[in-house]
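Working notes, beginning with the structure itself.
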Amino acid sequence: MVKVPEPRYEIPSRIHFSKKIIPDLYEEEKKKIDAELSKAPFVALTTDGWTSRAAESYVTVTAHYITAEWEMRSPVLQTRPLYESHTGTNLAQVLTGAVAEWELMRPNSNIPVTTDNAKNQVNAVIEAGLGPQIGCFAHVINLASKRAISVNQMDRLLGRIRKVVSYFHRSTTAAHVLKTKQAMLQIPNHKLIHDVTTRWNSTYDMVERYLEQQAAVYSALTDKTLKKYIKDIVTLSDDDMKVAEEVLQVLKPLKMVTTLMSTESAPSVSMVLPLKTRILQSMAPSEEDSTITRDVKAAIREDLDPRYTDPPLQDYLHRSTALDPRFKSLSHLGAALCQKTYSDLTTEILATEEGQAAEPTGPDSEPSPRKKSAMEELFGETFASKDTGKKKTCGNTIKEEVTSYRAASGIPVDGDPLAWWKSNECKYPHVAMMARRYLAVSATSVPSERVFSTAGDIVTAMRSTLSPDNVDILIFLKNNLKL
């Protein structure tokens, strides 16, 4: 058809796209991100690993930084194959390679890295000379929740629910009967949910949906159409229903935090300690608690309490929380620790300013003498202010600025901290510099984990032989290219 109106036109082939168009797009987009990264005063990273359909292992590195306009950017930098075992040393080489290739190091600052809590990931950050290493908060909540639902009574209860759910998923007849009963009992026409072992919140959703559909499930299982085919399926008793409802109530704060961490566009590390404190408060034992409730609460406390307790990391997280206008009152801390946090923040700002002042600016860095204006030549010091010689030192200016920032009104917890800083940067320039550094650090490794979903759309069963270089390019473009 095309050759009739224009015989000279050659239709672009697959090779043309794979060898010319896509690599050119990649180079063009890489230059844009490289230019933006070079302007970012501070950069943080997240990293995680995944396995393709071709059983090839990859490590993805994502950068996070805040622009001059106080907008968060989270570009995927690279997705590289890892043929060796996932030891800390091998993972560290991937990280150092990414830092060198993208020139991420900045004077007088480290690069924080958010990973899951696996020991090899923690060791990789240390061996790469980066840090602090931030354990993914979503992963921490997942571990605590899994421990909670593994207590004996709860584990047996979940086993019975899974049998019922599996039966209705497996049998089309049972699914049809359930749908009929839902209409008859005027219960929402929702399918039962089966949980996934790697995601604790799917277990929460499974129990919640079962409780919603309990009447329809019981009616369907006692229906004569299904009754004769049912084996080893036991519906929940009234006591079981009560236990399930109590446990759901206990787990609700963790479910809300998990949802928040997964849906928030940029969950900052400043949220970690306030959320941890809030969860632990909700897990405090009560005299009214049943045995199962006490056991679940204790399991969560035992798992969550020791997290983020390393003193240097804890101080780092306290400072990040202080720089978030939503939590800067630090009401979850005692007065002494609150004062120490702001003192540490002041000290760090002073150290950063001194480091910048000490940096050489070149061989001819000495300033040339300023030429006096005509008015200065005529009047000299005749009308000079008496306070001219009493200029504030940099240290006093910074201390006053931090004190003023601390006394300022905060914003609601659902407010936008970056929007607040955009409006108040001129008031607190030194504190704003630190906020741009700390608030860029992600509380979770979800940004890198989201790449897994993207990769599943790229490395499909029909395209499982894609070369690692092409996988890297396609994932990079899929996540970064704005069409």
Straight-line distance of Ile141 CD1 to Thr259 OG1, nearest 0.5 Å:
11.5 Å
Is there a donor in the side chain of Asp195 and an acceptor in the side chain of Thr203, or the other way round, less than 3.5 Å apart?
yes
Per the side-chain hydrogen bond (donor to acceptor under 3.5 Å, both in side chains) rule, which among Arg199, His194, Lys255 passes with Asp205?
Lys255
Polar contact flag, side-chain donor to acceptor under 3.5 angstrom, Thr258-Trp200
yes
I'd like to know if the side chain of Asn424 and the backbone of Trp420 have a donor-acceptor N/O pair within less than 3.5 Å.
yes
If I compare all heavy atoms of Leu130 with all of Leu95, which pair ends up nearest, and what's the gap?
CD1-CB, 4.2 Å
Measure the shortest side-chain to side-chain distance between Ser320 and Phe327 over non-hydrogen atoms and say whether it is less than 4.5 angstrom.
no
Would you call Arg209-Glu212 a salt bridge at under 4.0 Å N-O?
yes
Counting N and O atoms only, with roles assigned by atom type, does the side chain of Lys19 sit under 3.5 Å from a partner on the main chain of Phe17, one being a donor and the other an acceptor?
no
Could you tell me whether the side chains of Thr67 and Glu36 share a donor-acceptor contact shorter than 3.5 Å?
no
So, Asp315 and Arg319, do they make that salt bridge, N to O below 4.0 Å?
no
Nearest atoms (heavy-atom pairs only) where Val441 meets Pro112:
CG2-CG, 3.7 Å
For residues Leu185 and Ser219, determine if any side-chain heavy atom of one lies less than 4.5 Å from a side-chain heavy atom of the other.
yes
Between Asn90 and Thr87, is there a side-chain donor-acceptor contact under 3.5 Å, judged purely by atom types and distance?
yes
Indicate yes or no: at least one non-hydrogen side-chain atom of Tyr342 is less than 4.5 angstrom from one of Cys338.
yes
Less than 4.5 Å apart, any side-chain heavy atom of Glu245 and any of Leu211?
yes
So is Arg436 actually on top of Trp70's ring, under 6.0 Å and inside 45° of the axis?
yes
Only residue of Pro274, Pro412, Ser270 satisfying side-chain contact (heavy atoms from CB on, under 4.5 Å) with Arg326 is Ser270
Are Tyr438 and Phe42 an aromatic pair, judged by ring center distance below 6.0 Å?
no
Tell me whether the guanidinium CZ or amine NZ of Lys328 lies under 6.0 angstrom from the six-membered ring centre of Tyr405 and within 45° of its axis.
yes
What residues, two or more places apart in sequence or in another chain, satisfy side chain to side chain donor-acceptor pair (under 3.5 Å) together with Thr62?
Ser448
Would you say Asp238 has more than 12 foreign heavy atoms packed within less than 6.0 Å of its CG?
no
Distance-minimising heavy-atom pair for Val217 and Leu178
N-CD1, 3.9 Å
Are Lys30 and Glu101 close enough for a salt bridge, meaning some N to O gap below 4.0 Å?
yes
Between Thr341 and Asp344, do the side chains contain an N or O donor and an N or O acceptor separated by less than 3.5 Å?
no
Check against side chain to side chain donor-acceptor pair (under 3.5 Å), Thr89 and Glu127
CA-CA 7 Å; Thr89 302; Glu127 288 192 37; 3.0 Å; yes
Under a plain distance cut-off of 3.5 Å, with no hydrogens placed, do Tyr58 and Arg80 share a side-chain donor-acceptor pair?
no
Ring geometry between Phe476 and Trp102 (parallel below 30°, tilted from 30 to 60°, perpendicular above 60°)
parallel
For the residue pair His64 / Thr46, report whether a side-chain donor-acceptor contact shorter than 3.5 Å exists.
yes
Separation between NZ of Lys163 and OH of Tyr167, rounded to the nearest 0.5 Å
14.0 Å
Which heavy atom of Lys276 sits nearest to which heavy atom of Asp305, and what is that distance?
NZ-O, 3.1 Å
Test item: side-chain donor near acceptor, Gln214 and Tyr218, under 3.5 Å
no
Test item: Leu254 and Asn142 side chains (from C-beta on) under 4.5 Å apart, heavy atoms:
no
Can you establish whether the number of heavy atoms outside Lys422 located under 6.0 Å from its atom NZ is more than 12?
no
Quick one: closest heavy-atom pair of Ser202 and Val196, and the distance?
OG-N, 2.8 Å
Between Asp239 and Ser237, is any side-chain donor less than 3.5 angstrom from a side-chain acceptor?
no
Student check: side-chain heavy atoms of Val269 and Thr114 closer than 4.5 Å
no
Do the side-chain N and O atoms of Ser57 and His86 include a donor-acceptor pair separated by under 3.5 angstrom?
yes
Distance-only donor-acceptor check, side chains Ser445 and Thr115, under 3.5 Å
no
Where do Asn480 and Pro75 come nearest, in terms of heavy atoms and distance?
OD1-CA, 3.4 Å
